[in-house]
Amino acid sequence: MASKRASITDMATALGVSVSTISRALSNHPSISDATKKRVTKLAKELNYHPNHMAAGLRKGRSNMLGVLVPHIDGHFFTMVVKGIETVATKAGFNILICQSNEDVAHERKNIETLINAQVEGIMVSLARTTRDFKHFDKAAKRDLPLVFFDRILEGRDVNAVVLDDREGAYQSTMHLLAQGCRRIAHFAGPQHLNIYKNRRQGYLDALREHDVPFDEALVFTCDMRLEDGIQGMEQLLKLPQRPDAVFSASDFSAVGALQVLKKRGLRVPQDVALTGFSNEMFTSFTEPMLTTVDQRCEQMGQAAARLLLEILGEKRQDVSPRRVLLQPDLLVRASSLRLR
């Protein structure tokens with residue numbers, strides 16, 4: 001019996017009592033004698049028995065589990081978001097089940113099925129780069145399973161969400177480059193169906209307009225925001241008759257790709273080309289020069305997403321209007337963009 005995980009049924013058989021007697025004894029029920037409780041406790045220790053709290057919770061209609069679905073967990077941003085979620089969830093008595101879509105909408109659909117089947121009580125989601133509709137999330141809605149989206153959401157859908165003011169972060173970054181005397185500012189833009197990249201592009205355009213700097217479509221390179229995209233984008237920009245004097249990248253990863261190309265070509269950063277990114281990934285403090293970036297308050301975002309989901313669960317209603325929490329960005333100015341000192 002000790003070679004496999006012992007169950008209440010095993011213990012009941014060994015002691016010649018009912019399963020309900022074992023269950024009551026383990027929960028210290030007053031209807032069970034002290035002698036029986038001692039026998040049950042002694043056997044539980046011998047068999048290394050551990051109660052299945054999840055199964056018990058499900059029998060009561062609760063799993064005490066919250067689902068978290070992220071595009072990936074190999075960077076600083078989502079790792080810290082998950083940390084923020086876990087801090088709040090644990091304090092409230094919940095565990096979290098984490099899935100990652102690997103930026104693939106097909107995998108995202110499977111993740112949603114997995115979380116629903118695991119009977120989580122709510123799901124927090126940041127969309128995959130390739131997600132363009134909400135159909136697979138309707139399954140959760142039909143089960144009255146609350147959803148809170150964070151960071152990446154699809155435009156045109158009113159949902160519970162925690163987002164950064166991405167437009168403001170991009171505006172501050174571009175305004176900073178303009179203040180350094182830059183005028184041909186290129187932009188690495190992400191997929192425009194996602195709110196974060198659409199809003200970052202808008203902040204870039206707003207800053208140019210405010211300074212009466214003409215917009216040049218040739219200076220915008222739309223990509224998937226990976227390091228290799230930054231390499232390709234920078235090489236393309238350097239082929240222009242007049243190269244840019246700055247690049248505002250909507251991602252730190254593509255910004256570092258650009259930095260590699262500039263160094264390889266013998267161009268100085270920031271003297272020849274100033275550079276800024278977005279996200280405050282950990283590696284931005286170790287590049288040479290250190291990369292100016294926008295901090296997304298990732299841990300705070302996770303905490304806010306968890307609080308919002310718990311608030312919705314506490315109301316036990318699905319007919320309330322969706323709520324949106326807007327976090328403010330913080331521009332971290334470093335050597336990669338500082339021309340004027």
Please enumerate all residues that pass side chain to side chain donor-acceptor pair (under 3.5 Å) together with [X], with sequence neighbours excluded.
| X | answer |
| --- | --- |
| Lys42 | Glu46 |
| Arg39 | none |
| Gln202 | Asp206 |
| His211 | none |

For the pair [X] (side chain) and [Y] (backbone), establish whether a donor and an acceptor sit closer than 3.5 Å, ignoring hydrogens and angles.
| X | Y | result |
| --- | --- | --- |
| Arg339 | Asp272 | yes |
| Ser279 | Ser251 | no |
| Thr130 | Glu103 | yes |

Ion pair Arg184/Asp245, N-O distance below 4.0 Å: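 Salt bridge flag = no for Asp245 with Arg184.
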
Salt bridge or not between Arg152 and Glu108? Use side-chain N to carboxylate O under 4.0 Å. no

Side-chain contact, heavy-atom cut-off 4.5 Å: [X] with [Y]?
| X | Y | value |
| --- | --- | --- |
| Glu168 | Gln172 | yes |
| Tyr197 | Asp166 | no |
| Val325 | Arg307 | no |
| Val40 | Ile32 | no |

Identify each donor-acceptor pair in which a side-chain atom of residues 80-91 lies under 3.5 Å from a protein atom, sequence neighbours left out, and give them as a table.
residue: Thr87; atom: OG1; partner: Lys83; partner atom: O; Å: 2.9
residue: Thr90; atom: OG1; partner: Glu86; partner atom: O; Å: 2.8

Pairs involving residues 285-302, ordered by first then second residue, that meet salt bridge (charged side-chain N to carboxylate O under 4.0 Å, His left out) (sequence neighbours left out): none

